[in-house]
Amino acid sequence: MTGIDNSSKAAIFDLDGTLLDSMGVWDQVDIDFLGRRGIEVPADYMIKVASMQFRQIAEYTIARFGLPDTPEQLMDEWDDMARVAYSTVVEAKPHAVEYLTWLRESGAKLAVATSLPPTLREPAMKHVGIFDFFDVTVSVDDAGDVGKGSPDVYLLAASRLGVEPADCTVFEDLLIGIRSAKSAGMKVWAMHDDSSDADWPAICDAADGVLFDFADAPRVL
C-alpha cells in the first residue's frame, strides 16, 4: 500500500490531451482524408474547425472544398479513420498508467469525464492499458450533450462516484474545462498538451497545479 489514504477522495480525468497523447490524431485524419481527394490541407483549415462541433466541421468541409459527400458520409469516414488511430497509434501520457495504479492503491475513486464517444474512447483506453482502472466513465453525451464550457460532465462523474465536488480533483488540459471544474468547487490540475500552448499562461493562472508528466502529480488528493 501507499501509506496515503485517499479513500474519501476522487480523481476525475479527461482523456484527449490529458491521459492520452492523442490530439495529433485529428490533424492526421484531416491530412489523410483530404489527401484521399487530392487536396492539401490549407494552412487555416485546422484553426477554422478547432472550435466547431463534429457535424459543423463536416458541413464546412463539404462547402469549402465542394465535396459531393453528405455530412453523414464524412462523419462516418472520419470515425472509421479515428477508430483505427485510437486503437493502434495513441499512447498514454508519461507515467499515466503508474499514477492511476498508485491512486487505486491509495483508495481513491477514479472517473473519466470526456467528450469522446465510446467507439473511440474504449479502443484507446484498452490500447494503452487503462480501461479497467475506472469506477465510472461519463461523456458530455451522458450529461445532456452539454460541452465542457459547463461543469455538468464533471458533476455527473462526481455524483456517480458518490463523492462531493469539494472532494474531487480534476485532471484536464483544456482551459474551458479547467474553468468549469473550478466553478463547481473542484480542485484542478492542468496537464500540458501542445494543442493548448496558446492558452498556457491562462491555464497556469486558473489551475491549482500544472503537470508535464504524471510522475509529478499530487499524491494527496
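Numbering of residues begins at 1 and proceeds along the displayed sequence. Only heavy atoms go into these numbers, but all of them, side chains included; no hydrogens, no water, no symmetry mates.
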Exercise. Are the side chains of Val25 and Met81 in touch, meaning some heavy atoms are under 4.5 Å apart?
Worked result: no
Could you tabulate the donor-acceptor pairs under 3.5 Å formed by side-chain atoms of residues 211-221, not counting sequence neighbours?
| residue | atom | partner | partner atom | Å |
| --- | --- | --- | --- | --- |
| Asp213 | OD1 | His95 | ND1 | 2.8 |
| Asp213 | OD1 | Ala215 | N | 2.7 |
| Asp213 | OD2 | His95 | ND1 | 3.2 |

Exercise. Where do Asp173 and Gly17 come nearest, in terms of heavy atoms and distance?
Worked result: CB-O, 3.5 Å
For this session: Find out if a path of hydrophobic residues (ILVMFWY) with successive side-chain heavy-atom gaps under 4.5 Å connects Val138 to Leu15.
Result: no
For this session: Locate the shortest heavy-atom distance separating Tyr45 from Thr61; write the atom from each residue and the value.
Result: OH-OG1, 2.6 Å
Exercise. Looking at Asp135 and Ala108, what are the two nearest heavy atoms and their distance?
Worked result: OD2-O, 4.5 Å
For this session: Compare all side-chain heavy atoms of Asp16 with those of Tyr86 and state whether any distance is below 4.5 angstrom.
Result: yes
Exercise. Which pair of heavy atoms, one from Leu116 and one from Leu120, lies closest together, and at what distance?
Worked result: CD2-CD1, 4.0 Å
For this session: Check the pair Phe13, Phe133 against side chain to side chain contact (heavy atoms under 4.5 Å, CB included), reporting the backbone distance first and the verdict last.
Result: CA-CA 11 Å; Phe13 292 86; Phe133 280 104; over 6 Å; no
Problem set entry | Greater than 12 external heavy atoms within 6.0 Å of Glu164's CD | no
Exercise. Is Lys182 salt-bridged to Asp208, going by a charged N under 4.0 Å from an acidic O?
Worked result: yes
Exercise. Think Arg37 forms a cation-pi with Phe33, using NZ or CZ under 6.0 Å from the six-ring centre and within 45 degrees of its axis?
Worked result: yes
Problem set entry | Distance (rounded to the nearest 0.5 Å) between Leu20 CG and Arg121 CZ | 12.0 Å
For this session: Please check if Met191 and Ile178 belong to a single hydrophobic cluster, counting links between Ile, Leu, Val, Met, Phe, Trp and Tyr side chain heavy atoms closer than 4.5 Å.
Result: no
For this session: Report yes if the side chains of Glu122 and Phe131 come closer than 4.5 Å at any heavy-atom pair, otherwise no.
Result: yes
Exercise. Should Ile130 and Val97 count as side-chain neighbours, where that means a heavy-atom distance under 4.5 Å?
Worked result: yes
Exercise. Between Ala58 and Met75, which heavy-atom pair has the shortest distance, and what is it?
Worked result: CB-CG, 4.0 Å
For this session: Decide yes or no on side chain to side chain contact (heavy atoms under 4.5 Å, CB included) for Leu100 and Leu110, but give the supporting numbers first.
Result: CA-CA 8 Å; Leu100 292 171; Leu110 303 181; 4.2 Å; yes
For this session: In plain terms, say whether Arg64 and Asp44 are close enough for a salt bridge, that is, a side-chain N and a carboxylate O under 4.0 Å apart.
Result: yes
